[in-house]
There are 2 protein chains.
Amino acid sequence: MQTQNTEQLILNAAISIFQKKGMAGTRMQEIADEANINKAMLHYYYRNKQQLFEAVFMQAFQKLAPQLNLIFASEMGVNEKIRKFTASYIDFILENPYLPGFIVQELNYNPEFVLKFMSHKGKPDPTSFLTQIEEEIKAGNIKKMPPKQLLLNLLSLTIFPFVGEMMLKVLMDISDSEFQNMMEERKTLIAEHFINSISS
Amino acid sequence: MQTQNTEQLILNAAISIFQKKGMAGTRMQEIADEANINKAMLHYYYRNKQQLFEAVFMQAFQKLAPQLNLIFASEMGVNEKIRKFTASYIDFILENPYLPGFIVQELNYNPEFVLKFMSHKGKPDPTSFLTQIEEEIKAGNIKKMPPKQLLLNLLSLTIFPFVGEMMLKVLMDISDSEFQNMMEERKTLIAEHFINSISS
DNA sequence: GTCTATAGCCAGATAGAC
DNA sequence: GTCTATCTGGCTATAGAC
């Protein structure tokens, strides 16, 4: 095992454990076990737990950002953006199920770190999408409503089912397989429904 | 300070800390400090951390349940339920801002405990609401769509902004006061928008 | 680079005086 | 019931052999 391999092995193991249990709930030993490697190696490559966590968080955010840019930074029309975003975001999350909950949660527990990290890393910028909405409203194609509320609705419909998966399963008596089916169904259902609800 | 008072004092302090930092991130000492009381008292009244946490979780869930029953277990018509639920739920959360995130998160980290707890405590049951939706669809008043997806959309629009508050503030450049204003606005905005989107 | 052993600390829990 | 003092275990982190 060379440097590159071991370092990546550790990062992958750390991603898996941190995303499931969060910063405070994770033990370094668990990560070592997951990587089939010695605990001292974690410190050799990543100095301490905080730095390993930051590497994981950064990686997660950088995976998520391009998904958001599907809607923030592309040249498509509004309806096309909405269809593209919902379908592709849901596909993406089905392959990274713990990601949204992880980001949401650690953002709550650790806002100061995140803000520091954001300032020198850059984040998706919704401005152009919000402007696009305003123009469509002026043109009479979309019902009058604050653009940020519209975007918030879209993000809610797309992201929440995954963040609140467990709560929803308990509350609505949904099995694992039914949940999967519902998410597949949402890939098209949300977009049509949402477009229909904003069109004037 | 008599038994009743101290016990309640501890529970209140525990609610405040656990909801902000979660089970794993909370220190017993912090709870003791918050309650202006000695750490040993926590163990005197609640035996150990797990049991104190369970008391907090139970209390949180029992506060939330009546809010859900506004929509699950009342005699109103669908549109009326939607208006009532969104407005009253948002009001409720504005006074208990950490509650939804806390429940969602601990449910993810601790599903087995929750399921055990649910079985002998009872939870809000959405069956009658789902049936009501089906009937409205048959009657041609609501667009054809799976009732559970409709309910999931409603919960997403209402709950997600609070669970993902920090993420949204960062992503959409929303200040504290703008966030408050948006949530006030949503008390009526969501309902009208949602009703409009499902009406055929 | 990788391992074993261990230092050092911190948090949960308890003993026991009052 | 409430407090101080302390035990105990577990966890992060490091020292040091290979």
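All values reported here derive from a predicted model rather than from experimental measurement. Every chain is numbered from 1, with letters handed out A, B, ... down the list of sequences.
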Would A/Glu54 and A/Gln50 count as having a side-chain donor-acceptor pair, cut-off 3.5 Å? yes
Check whether any side-chain nitrogen or oxygen of A/Tyr44 sits under 4.0 Å from OP1 or OP2 of D/dT14, and answer yes or no.
no
From CG of A/Leu42 across to P of D/dC11 the rounded distance in Å is 14 Å
Side-chain contact check for B/Tyr45: nearest option of C/dT2, D/dT4, D/dT2 is D/dT2
Rounded to whole Å, the CD-C1' distance (A/Gln51 to D/dT12) equals 14 Å
Donor-acceptor contacts under 3.5 Å from residues 109-118 of chain A side chains, at least two apart:
residue, atom, partner, partner atom, Å
A/Tyr109, OH, A/Gln105, NE2, 2.7
A/Tyr109, OH, B/Gly22, N, 3.4

Less than 3.5 Å apart, which donor and acceptor atoms pair up between the side chains of residues 190-199 of chain A and the rest of the protein, not counting sequence neighbours?
residue, atom, partner, partner atom, Å
A/Glu192, OE2, A/Arg83, NE, 2.8
A/Ser197, OG, A/Phe194, O, 2.9
A/Ser199, OG, A/Ile195, O, 2.6

In whole angstroms, the gap separating P of D/dA15 from CG of A/Asn38 amounts to 16 Å
Rounded to whole Å, CE of B/Met41 lies from C1' of D/dA5 at a distance of 14 Å
Applied to residues 14-27 of chain B, the side-chain hydrogen bond (donor to acceptor under 3.5 Å, both in side chains) test, sequence neighbours excluded, yields B/Lys21-B/Glu30
Under 3.5 Å, sequence neighbours excluded: what are the donor-acceptor pairs made by side chains of residues 158-166 of chain A?
residue, atom, partner, partner atom, Å
A/Thr158, OG1, A/Leu154, O, 2.7
A/Glu165, OE2, A/Lys169, NZ, 2.6

A/Ile10 atom CD1 is separated from D/dA13 atom P, nearest whole Å, by 14 Å
Item to complete: Give a yes/no on whether any side-chain N or O of A/Thr6 is located under 4.0 angstrom from OP1 or OP2 of C/dT2.
Response: yes
Those residues at least two apart in sequence (or on a different chain) that pass side chain to side chain contact (heavy atoms under 4.5 Å, CB included) with A/Phe92 are A/Lys63, A/Leu64, A/Gln67, A/Asn96, A/Leu99
Of the candidates D/dT4, C/dC3, C/dT2, the side chain of A/Ile37 sits closest to C/dC3
5' to 3', nucleotides 6-13 of chain C under a 4.0 Å protein heavy-atom cut-off (B base, S sugar-phosphate only, - none) gives -----SBB
